[in-house]
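Numbered from 1 within each chain, the chains take letters A, B, ... in sequence-line order. No hydrogens, no waters, no symmetry mates; every other heavy atom, side chains included, goes into these values.
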Amino acid sequence: MKSKTSPQMAVNIGQLKLKNPVMTASGTFGYGEEYSGYVDLNRLGAIVVKGLSLKPRLGNPPPRIMETAGGMLNAVGLQNIGVDTFIEEKLPFLRNYDVAVIANIYGETYDEYKKVAKKLSAAKGVHALEVNISCPNVNKGGVSFGSDPKIAARVTRIVKDETSQPVIVKLTPNVTDIAIIAEAVEKAGADAISLINTLTGMSVNLKARKPHLKNITGGLSGPAIKPVALRMVWQVIRRVSVPVIGIGGIMTAEDALEFLILGAKAVQIGTANFINPHATIDVIEGIKNYLSNNKIKDINEIIGTFQP
Amino acid sequence: MKSKTSPQMAVNIGQLKLKNPVMTASGTFGYGEEYSGYVDLNRLGAIVVKGLSLKPRLGNPPPRIMETAGGMLNAVGLQNIGVDTFIEEKLPFLRNYDVAVIANIYGETYDEYKKVAKKLSAAKGVHALEVNISCPNVNKGGVSFGSDPKIAARVTRIVKDETSQPVIVKLTPNVTDIAIIAEAVEKAGADAISLINTLTGMSVNLKARKPHLKNITGGLSGPAIKPVALRMVWQVIRRVSVPVIGIGGIMTAEDALEFLILGAKAVQIGTANFINPHATIDVIEGIKNYLSNNKIKDINEIIGTFQP
Amino acid sequence: MTKDIYIGEILRNEEIQEDCFLMKMKVASSFHDPLPGQFVMIRIAGLNDPFLSRPISIYSFSRGKSFCSIELLYRVVGKGTQILAGLIKGSQVEIHGPLGNGFEISTVKENIVFIAGGIGIAPLSLLIEHLCRSACLFTSAITVYLGAQRASAIVGLDKLQKLCRDITVCTDNGTLGTKSLVTQAFQKNIKKFSPANTVIYACGPKEMLKSLAKILNTSKFSCQVSLEERMACGTGACMGCAVAIKDQKGTLNYKRVCADGPVFNLADIIWD
Amino acid sequence: MTKDIYIGEILRNEEIQEDCFLMKMKVASSFHDPLPGQFVMIRIAGLNDPFLSRPISIYSFSRGKSFCSIELLYRVVGKGTQILAGLIKGSQVEIHGPLGNGFEISTVKENIVFIAGGIGIAPLSLLIEHLCRSACLFTSAITVYLGAQRASAIVGLDKLQKLCRDITVCTDNGTLGTKSLVTQAFQKNIKKFSPANTVIYACGPKEMLKSLAKILNTSKFSCQVSLEERMACGTGACMGCAVAIKDQKGTLNYKRVCADGPVFNLADIIWD
Ligand SMILES: Cc1cc2nc3c(=O)[nH]c(=O)nc-3n(C[C@H](O)[C@H](O)[C@H](O)COP(=O)(O)OP(=O)(O)OC[C@H]3O[C@@H](n4cnc5c(N)ncnc54)[C@H](O)[C@@H]3O)c2cc1C
Ligand SMILES: Cc1cc2nc3c(=O)[nH]c(=O)nc-3n(C[C@H](O)[C@H](O)[C@H](O)COP(=O)(O)OP(=O)(O)OC[C@H]3O[C@@H](n4cnc5c(N)ncnc54)[C@H](O)[C@@H]3O)c2cc1C
Ligand SMILES: Cc1cc2nc3c(=O)[nH]c(=O)nc-3n(C[C@H](O)[C@H](O)[C@H](O)COP(=O)(O)O)c2cc1C
Ligand SMILES: Cc1cc2nc3c(=O)[nH]c(=O)nc-3n(C[C@H](O)[C@H](O)[C@H](O)COP(=O)(O)O)c2cc1C
Ligand code: FES
Ligand code: FES
């Protein structure tokens with residue numbers, strides 16, 4: 001039943017051209033290396049690396065993760081090697097591959113975002129920036145940058161001013177109205193919007209009467225959050241005209257197709273990598289099969305074909 | 001290993017005295033009747049009935065529910081028989097039991113809340129009101145009453161003015177900062193706060209390229225949302241002094257104990273009833289066993305013993 | 001009536017046709033005698049994925065000395081039924097029921113017509129069995145129209161053949177019986193039956209019931225159908241399994257398939 | 001090296017002690033030879049509850065003509081291991097590995113001391129086997145201290161006895177061997193060993209490793225331990241399995257048990 005010509009899988013996120021719409025989600029695929037034994041990185045739509053900060057970050061004390069029903073909590077606390085070490089030590093490895101590399105960036109102050117963006121903008125082998133605005137804003141007493149449209153817009157503008165690379169802004173779901181934030185960052189110049197980051201959650205160790213995570217709360221990811229992710233993509237997609245990248249609980253090609261049909265131009269695979277190190281390739285293959293079986297020649301033909 | 005004297009299970013929610021901290025969650029236990037074959041209603045801490053509106057509500061067209069990973073979506077649309085029919089036809093049945101009955105109320109306008117509260121306040125056999133403020137506010141273009149602290153406070157005050165019964169305000173999790181809403185309703189006179197209602201989610205029917213729910217979006221409940229519920233209870237409990245009732249994904253006694261240890265004075269069992277019609281009793285028995293096994297004489301001794 | 005959750009121990013679980021399984025289980029004798037058309041909610045104890053229980057009609061029931069046995073006839077269509085199909089002898093399931101209202105049984109009619117599409121035979125079969133066993137009824141009064149897409153999707157025929165004689169089998173592609181939609185096969189013979197002395201029972205896919213509704217539209221035939229909807233509780237509490245039904249005044253009301261049905265008068269159903 | 005996900009077909013899965021199971025499975029021969037101390041991530045294909053894979057050390061490994069066989073020794077402590085314990089012969093699991101860094105093997109030492117608490121014997125056992133098989137080593141150089149709370153929690157002893165002679169068994173309650181903590185039993189004999197010519201390998205509960213750290217505190221013994229932490233990916237990507245480790249300058253760093261470990265120098269670990 002398979003058609004002989006392979007379906008066309010390339011999609012564009014603004015100027016960024018991807019082989020296919022399947023990326024890795026930041027923080028779930030290391031710096032690419034960690035999965036290079038399992039996955040031919042050349043086959044991926046893009047690799048979004050672990051969130052980078054100006055200085056190396058120690059991250060939170062353990063325990064950092066806990067399993068939940070259909071998902072997991074993490075409080076890694078953005079442990080990372082810092083932008084300089086990334087450029088020196090990790091980027092050369094990634095340059096060996098013919099794959100789009102997206103640097104996920106993170107700051108505790110506006111200035112940090114600015115500096116990280118600047119450094120990465122000058123680095124060879126980075127094809128786009130993804131701005132994580134879910135982190136607590138040190139200037140504003142810990143309220144997340146991403147929960148206030150004005151602050152979200154300001155971060156976006158600051159990063160845009162530092163780079164000529166496409167800027168993707170990644171939204172947090174822990175807000176009353178995500179569409180308002182999306183509109184604000186679009187207006188501020190975002191070239192694309194990705195969503196969702198993790199939902200804030202918590203897990204209680206009954207025996208010890210303590211939190212399971214040392215950090216008390218953590219970010220919930222995995223299939224448990226897929227319904228929330230789909231809803232938010234649906235909300236945002238109708239309010240912005242820039243491309244939207246769907247993230248949240250995608251485990252299979254079918255899950256990914258749900259986001260694409262809703263109107264997401266691409267998707268990111270997060271927690272699924274942990275359960276199945278081959279998940280990204282399985283999703284790509286699954287989408288191809290779906291297109292072939294349904295005699296669809298080009299992935300773009302199905303994006304946004306959802307009928308409410 | 002069981003101690004011979006049964007542990008003391010009674011808790012107080014303000015003036016409301018409950019045999020034990022286990023209630024049913026609104027909309028998941030009908031009007032009590034539906035489960036009276038499976039559960040001796042006399043054994044429950046309280047029965048919270050299906051949300052009541054001033055006039056009977058038809059509810060949303062089907063399909064109304066969909067399964068998700070570790071949970072379900074519902075878009076019942078508050079189908080109910082209306083407050084008058086409830087008082088005439090359902091309350092007499094409940095009066096046969098020695099159990100606290102809590103009426104969950106719902107309005108599309110301030111005035112509807114007021115009128116429903118008034119009617120129930122005068123009805124014999126209603127022991128408290130639970131105000132559902134997660135519903136879209138028709139006056140404010142569909143934004144939920146519960147997502148704005150001022151509106152939430154106003155609804156609380158309106159209901160308080162109509163009744164001498166304890167007023168529990170039930171919060172929606174679809175907000176940026178639930179603690180602000182909790183503080184606002186406490187200040188407005190809420191005698192207790194219950195949380196969480198469902199997270200808004202969505203499910204896509206890939207084959208039909210349509211939503212699984214006719215209403216497109218629905219409320220996510222079940223174990224998938226427990227981490228979010230625990231986190232929100234934890235956020236609220238430290239900001240208000242009125243009793244907090246924990247709701248969200250409680251399937252077992254252990255789940256319930258997690259909420260109690262965090263500081264919730266009582267819990268509600270929702271979706272679990274669907275999976276196990278005997279869930280409420282299983283939770284009550286399980287808590288008793290836990291107390292006996294740990295030689296704790298009174299449930300109140302463990303409430304709020306969590307050490308962050 | 002006290003209701004309970006029962007452990008069903010699988011005695012047998014066989015693929016009797018392509019993708020179609022017959023599961024026999026034993027449950028404690030406190031299980032109530034089901035009415036034809038009632039169903040159970042079934043799940044695998046301790047398994048949270050799939051999360052919800054699944055509604056399945058009672059296909060056959062018998063009461064032994066120390067336990068009851070229940071047969072379910074089901075088609076594998078998704079995750080839940082797939083997992084059921086994998087259960088082996090000795091495995092345990094959790095069930096509760098019997099749930100819902102059975103068919104209204106009128107013994108005064110001359111003709112009783114059954115129209116079943118595919119797995120829709122499951123709830124009807126118990127009713128046919130019941131009617132055949134009730135002394136006051138001649139099996140000659142029973143006419144069955146059994147249809148499916150293709151031969152391999154025709155199930156329950158062997159049991160039927162033991163119960164009654166007037167069976168018309170049809171398949172969409174003609175691989176068994178007449179090549180015809182089951183509703184068309186019935187329509188061709190509709191003149192044989194007088195509305196006043198006939199009662200029709202039907203179960204099958206929505207499209208089949210819809211065309212039956214069209215066929216019977218202006219006629220005076222009384223027709224009861226068993227409907228399916230996604231369910232969460234199965235006990236009438238969640239309002240999840242709504243179906244649009246006309247009340248006496250003809251206004252739309254949402255009824256619960258689990259508690260107000262699954263059997264409804266075909267004429268009362270409002271199709272979308 | 002290309003890494004893959006393997007299907008493990010259960011050959012045997014028996015409770016060899018109270019709550020302690022030995023699982024033997026066969027996997028395709030492309031599975032790489034594990035180093036002692038390495039582990040696999042294991043899950044039941046298609047089952048999403050529990051959600052994450054579980055890390056289990058490779059207890060034993062052999063390469064046959066057409067497939068490899070892997071043995072896992074595990075204790076049932078929660079949902080995941082409970083489900084593993086329920087698997088019967090012929091069931092399939094999904095594994096990936098071998099993961100992590102094994103023990104550093106120094107063959108020049110005179111004495112090799114193993115200290116295992118309970119199920120902690122699992123990763124050490126493969127190392128002992130390896131050392132015994134390597135020609136350059138006399139089994140007399142090996143001393144094993146094997147401890148647990150009670151007799152029924154002592155596992156892996158039979159296999160050990162086939163490999164080496166100098167085994168001290170101790171239990172907290174004295175139901176087998178010496179009544180002593182395993183670390184105390186070692187401490188009593190510590191004078192027998194010279195730091196320069198001895199290497200220590202240990203695995204067990206955190207408390208055991210902590211007291212071992214205290215015992216060895218100012219000594220010059222080189223001691224490698226295998227640590228456990230909750231894991232999500234097992235491949236170094238999620239940063240979930242962090243453990244506080246001193247770097248050369250003595251500053252705290254979070255290392256990944258899965259990718260930087262699970263074997264660490266005891267002296268580098270910062271206990272909370
Ligand atoms: C009262 C009642 C009695 C039933 N009796 C039988 C029976 O005797 N034998 C039998 O094989 N089936 C019966 N069904 C249908 C059966 O419940 C569904 O096939 C089953 O729930 C599908 O579960 P799944 O996980 O395999 O499929 P899913 O993955 O949940 O869904 C697969 C497909 O089945 C459809 N579906 C899912 N749930 C239902 C449902 N409750 N009703 C109708 N379609 C559904 C979906 O829309 C989808 O197309 C009955 C349904 C009801 C409501
Ligand atoms: C590298 C490594 C090798 C291991 N090798 C073995 C082995 O060979 N045999 C064996 O029996 N066990 C081994 N473990 C421990 C094993 O992974 C846990 O016992 C298992 O994950 C518990 O899963 P569960 O679902 O049964 O328990 P859960 O319900 O998840 O937890 C039950 C208890 O186990 C603890 N626990 C959970 N996960 C881990 C973990 N990853 N590490 C330590 N404790 C945990 C929890 O804190 C809790 O107290 C190893 C762990 C690691 C990290
Ligand atoms: C362990 C872990 C670490 C993460 N780190 C980051 C990060 O550094 N930056 C970021 O923007 N998102 C981070 N995320 C969020 C994911 O990229 C993704 O948005 C989220 O997990 C939801 O997708 P999923 O359900 O497919 O995992 C992390 C998620 C996990 C589970
Ligand atoms: C089918 C269904 C109907 C519900 N109806 C109501 C309602 O009428 N009023 C209300 O306040 N909450 C309603 N809820 C929310 C529940 O009371 C509860 O807050 C939520 O389901 C989370 O708890 P759970 O995960 O234990 O189900 C409903 C939930 C479900 C699943
Ligand atoms: S399934 Fe819950 S009311 Fe019918
Ligand atoms: S488990 Fe993911 S980094 Fe170790």
Side-chain angles (χ1 to χ4, degrees), chain A residues 66 68-73 143-144 146-148 172-177 181 199-212 214 216-220 222-235 249 251 253-255 257-262 290 302 305-308, chain B residues 66 68-73 143-144 146-148 172-177 181 199-212 214 216-220 222-235 249 251 253-255 257-262 290 302 305-308:
Chain A
M66 183 61 201
T68 69
M72 63 175 280
L73 287 165
V143 175
S144 142
S147 59
D148 180 322
T172 167
N174 301 299
V175 295
T176 307
D177 186 351
I181 318 279
L199 276 167
T200 309
M202 180 174 171
S203 174
V204 173
N205 182 340
L206 179 60
K207 216 168 157 192
R209 300 198 190 167
K210 276 175 176 296
H212 270 120
K214 189 81 173 179
I216 307 180
T217 60
L220 183 64
I225 69 167
K226 196 183 75 168
V228 175
L230 284 168
R231 182 260 296 184
M232 290 188 162
V233 166
W234 174 239
Q235 271 183 296
M251 302 294 284
E254 286 69 35
D255 294 334
L257 283 160
E258 289 171 15
F259 282 89
L260 295 171
I261 278 174
L262 265 190
Y290 174 87
I302 65 154
T305 54
F306 179 79
Q307 295 292 334
Chain B
M66 184 61 199
T68 70
M72 63 176 279
L73 288 165
V143 175
S144 143
S147 60
D148 180 323
T172 168
N174 301 298
V175 295
T176 307
D177 186 351
I181 317 278
L199 276 166
T200 308
M202 181 172 170
S203 174
V204 173
N205 182 340
L206 179 60
K207 214 168 159 191
R209 302 201 187 163
K210 274 173 178 296
H212 270 120
K214 189 79 173 182
I216 306 179
T217 61
L220 183 64
I225 69 167
K226 196 184 76 169
V228 176
L230 284 169
R231 182 261 295 186
M232 290 189 160
V233 165
W234 174 240
Q235 272 182 294
M251 301 296 282
E254 286 70 35
D255 294 335
L257 283 160
E258 288 171 16
F259 282 89
L260 295 171
I261 278 172
L262 265 190
Y290 175 87
I302 65 155
T305 54
F306 178 79
Q307 296 292 334

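Between chain A and the residues B:A224, B:G249, B:S203, the most heavy-atom pairs under 4.5 angstrom are made by B:A224. With respect to chain B, the highest number of heavy-atom pairs below 4.5 Å among A:A208, A:P308, A:G218 belongs to A:P308. Between chain A and the residues B:P173, B:G201, B:G70, the largest count of heavy-atom pairs under 4.5 Å involves B:G201. Per-residue heavy-atom pair counts under 4.5 Å with chain A were compared for B:D177, B:L73, B:V233, B:I216, and the maximum is reached by B:I216.
Annotation for A:R209 and B:Y290: closest pair NH2-OH, 3.5 Å, computed over non-hydrogen atoms. Scanning both residues, B:Q307 and A:P211, for their nearest heavy atoms gives O-CD, 3.5 Å. Of all the heavy atoms in B:T176 and A:V175, the pair that sits closest is OG1-CA, 3.2 Å.
Heavy atoms of B:L220 lying under 4.5 Å from chain A belong exclusively to its side chain. With a threshold of 4.5 angstrom between heavy atoms, A:L262 approaches chain B through side-chain atoms but not through N, CA, C or O. Heavy atoms of A:T305 lying under 4.5 Å from chain B belong to its backbone as well as its side chain. In this structure, no portion of A:F259 lies under 4.5 Å from any heavy atom of chain B.
Interatomic distance, B:M202 CE to A:E258 CD, rounded to the nearest 0.5 Å: 9.5 Å.
Exactly one residue among B:I302, B:I261, B:L260 makes a side-chain contact (heavy atoms from CB on, under 4.5 Å) with A:L206. That residue is B:I261.
A:T200 meets the side-chain hydrogen bond (donor to acceptor under 3.5 Å, both in side chains) test with A:N174; sequence neighbours excluded. With sequence neighbours excluded, the residues that form a side chain to side chain contact (heavy atoms under 4.5 Å, CB included) with A:P223 are A:M251, B:A69, D:F51.
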